Amino acid sequence: MKQTLDIGLVYSRSGSYRRLSDAGRAGVLQAVARVNADPAAAWAIRVHEADPGGHQDHYAPAMLGLHRQTGSRHFFGAITSSSRKEMIPALERCGASLWYGVPYEGFEAADCVAYMHSTVNQNVIPLLDWALPRLGRRVFLVGSNYIWGWEINRIARDLIAASGCEVVAERHIPLGDADITALVDEIARTRPEIVLNSLVGQTQYCFLRALRAAGLSCRVLSCNFTEAELPEVGKAAEGLISVGPYFAKAGDTFGNSLERAGYLSVMNLVRLLSLRGADAAMTLPELLALNSGDIDPVSHHVAQPIVIAELRGGAFVPLLSLPVTAGDPYLARTPRAKSERPRLRIVK
């Protein structure tokens with residue numbers, strides 16, 4: 001007889017980045033359906049959900065509520081780094097874990113989190129190493145005004161300087177803000193060759209549509225744009241270059257990398273719980289110590305391919321594919337990090 005595994009989903013089904021949540025959730029539910037339909041599987045998964053509505057301060061209470069009501073100890077969800085960081089202390093208090101399937105900015109390795117998408121050595125570093133100076137030397141940095149945008153742009157500044165290129169300007173827009181007229185006007189005025197776009201959700205969609213309407217010729221790079229968001233922007237995203245572990249082709253199982261990460265998160269959890277010596281009461285570090293697979297048992301970051309692709313005709317076309325690379329959130333093993341001396345800059 002199968003054992004029952006209760007899991008919690010903490011995805012925002014509403015709010016400015018619901019497209020991202022819907023993609024991750026779809027992957028989780030696809031994996032749940034597969035496990036539950038497999039007569040040989042040791043576990044039957046029971047799903048419980050809470051909707052934080054895109055509000056950063058709702059994530060931890062939502063997770064704690066599911067934990068108290070259902071006994072769930074493994075959670076899937078959170079999109080922004082701010083929401084993940086809100087959840088970590090609560091997860092630690094109740095001995096629970098979060099399977100986080102979204103690209104993020106690195107410089108974190110919480111025992112209670114499995115990082116199932118790309119981190120800094122798998123996203124912004126290979127993207128800019130490929131793009132600079134191939135696509136130009138003058139770069140405009142724009143990001144959402146929270147930790148993801150701040151950190152990606154901080155790292156980008158160092159990479160741009162090391163490449164002998166120039167940061168034209170750096171701007172941060174409040175998460176969910178749709179008023180980007182002044183930003184597009186400044187890009188039109190300064191005429192950068194490249195825009196590194198670290199905006200999230202609705203703000204990014206407004207930005208891409210406005211750039212296209214303005215007829216600007218700059219190349220747009222992104223570390224977080226996936227096929228999940230194409231219904232929001234359509235042709236306005238044509239020519240955008242993104243980086244990730246996966247881009248969909250016709251007939252593929254997954255529609256985007258967020259869906260894939262959600263699916264692999266569930267399958268990895270079931271694999272770990274099915275190992276000899278595993279117990280449902282074990283913490284995430286204890287489970288990973290049994291046989292971590294592609295997940296680093298120390299940093300909890302997944303090893304995965306790196307693909308740089310350009311959006312053409314509504315589909316991403318690979319420009320560069322790199323082999324499976326271990327996540328290195330603190331850049332301890334990244335050659336650039338070892339060879340570079342720290343850079344200081346005056347902040348005005």
Side-chain angles (χ1 to χ4, degrees), residues 19-20 22-24 26-27 30 101-104 116-142 152 156 159 163 165 187 192-201 204-264 302-325:
R19 289 278 184 185
L20 309 178
D22 286 347
Q30 183 179 348
V102 184
Y104 94 111
M116 298 300 292
H117 208 291
S118 59
T119 188
V120 59
N121 75 304
Q122 298 162 321
N123 51 46
V124 65
I125 289 179
L127 179 62
L128 288 182
D129 277 351
W130 175 85
L132 299 174
R134 178 184 277 111
L135 301 181
R137 293 183 173 276
R138 303 180 69 252
V139 186
F140 195 111
L141 305 177
V142 57
I152 290 297
L159 295 171
S163 299
C165 298
I187 292 172
E193 295 158 302
I194 297 171
V195 173
L196 179 62
N197 159 35
S198 300
L199 296 168
V200 173
Q204 175 168 214
Y205 313 148
C206 293
F207 176 65
L208 292 174
R209 289 193 293 261
L211 273 186
R212 175 55 61 96
L216 301 179
S217 61
C218 49
R219 303 306 304 271
V220 179
L221 310 182
S222 174
C223 297
N224 59 300
F225 190 87
T226 75
E227 298 91 338
E229 300 172 283
L230 286 178
E232 295 283 350
V233 291
K235 294 182 178 179
E238 281 291 301
L240 180 146
I241 296 173
S242 190
V243 62
Y246 168 91
F247 292 97
K249 300 185 294 295
D252 278 2
T253 302
F254 309 111
N256 53 75
S257 64
L258 304 179
E259 187 178 324
R260 172 182 177 271
Y263 179 90
L264 293 178
V302 69
Q304 54 193 340
I306 299 170
V307 182
I308 296 171
E310 181 179 6
L311 190 63
R312 300 176 187 168
F316 278 102
V317 177
L319 302 174
L320 176 70
S321 296
L322 300 175
V324 171
T325 301

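The structure presented is a predicted model; accordingly, all values stated were derived computationally and were not measured.
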**Request:** Under the side chain to side chain contact (heavy atoms under 4.5 Å, CB included) rule, what do Thr253 and Tyr263 come out as? Steps first, then yes or no, please.
**Result:** CA-CA 10 Å; Thr253 302; Tyr263 179 90; 5.8 Å; no

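- In this structure Asn121 satisfies the side chain to side chain donor-acceptor pair (under 3.5 Å) test with no other residue, sequence neighbours excluded.
- Contact annotation: the side chain of Ser222 approaches that of Leu240 to within less than 4.5 Å [non-hydrogen atoms, C-beta and beyond].
- For the pair Val243/Cys223, a side-chain contact is recorded, criterion being any heavy-atom separation below 4.5 Å from C-beta on.
- Residues Gln122 and Pro126 approach most closely at C-CG, 3.7 Å, considering heavy atoms.
- The side chain to side chain contact (heavy atoms under 4.5 Å, CB included) test applied to Ala214 returns Val184, Leu216, not counting sequence neighbours.
- Every residue two or more places apart in sequence or in another chain was checked for a side chain to side chain donor-acceptor pair (under 3.5 Å) with Asn256, and none qualifies.
- Residues Met116 and Gly101 share a closest heavy-atom pair of CB-CA, 4.3 Å.
- Among pairs with a residue in residues 222-244, those fulfilling salt bridge (Lys or Arg N to Asp or Glu O under 4.0 Å) read Arg18-Glu232, Arg19-Glu232, at least two apart in sequence or across chains.
- In this structure, the side chains of Phe316 and Thr226 stay at 4.5 Å or more apart for every pair of heavy atoms.
- Residues Leu319 and Ile241 have side chains in contact (heavy-atom distance under 4.5 Å, counting atoms from C-beta outward).
- For the pair Gln304 (side chain) and His117 (backbone), a donor-acceptor distance under 3.5 Å is present.
- Put simply, the side chain of Leu221 reaches to within 4.5 Å of the side chain of Leu128, judged on heavy atoms.
- Below 30°, between 30° and 60°, or above 60°: for Tyr246 and Phe254 the angle between ring planes is above 60°, a perpendicular geometry.
- Between Cys218 and Pro192, the shortest heavy-atom distance links the atoms CB-O, 3.3 Å.
- Among residue pairs with one or both ends in residues 207-221, those qualifying as side chain to side chain donor-acceptor pair (under 3.5 Å) are Arg219-Glu310; sequence neighbours excluded.
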**Request:** Kindly indicate, with the supporting measurements, whether the criterion side chain to side chain contact (heavy atoms under 4.5 Å, CB included) is fulfilled by Leu20 and Val102.
**Result:** CA-CA 9 Å; Leu20 309 178; Val102 184; 5.8 Å; no

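- For the pair Phe247 and Val307, the tightest heavy-atom approach, listed with the atom from each and the gap, is CE1-O, 3.4 Å.
- The backbone N or O of Phe225 sits less than 3.5 Å from a side-chain atom of Ser242, completing a donor-acceptor pair.
- No side-chain heavy atom of Asn123 sits less than 4.5 Å from a side-chain heavy atom of Asn224.
- The minimum heavy-atom distance linking Leu258 with Ala23 is given by the pair CB-CB, 3.9 Å.
- Taking Gln204 as the reference, Asn197 meet the side chain to side chain donor-acceptor pair (under 3.5 Å) condition, with sequence neighbours excluded.
- For the pair Val302 and Leu264, the minimum side-chain heavy-atom distance is 4.5 Å or more.
- Put simply, the side chain of Leu322 does not reach to within 4.5 Å of the side chain of Trp130, judged on heavy atoms.
- Listed here is the closest heavy atom pair of Gly314 and Leu230: O-CD1, 3.5 Å.
- Test Val120, Ile152, Thr119 against Tyr104 for side-chain contact (heavy atoms from CB on, under 4.5 Å) and you get one pass: Thr119.
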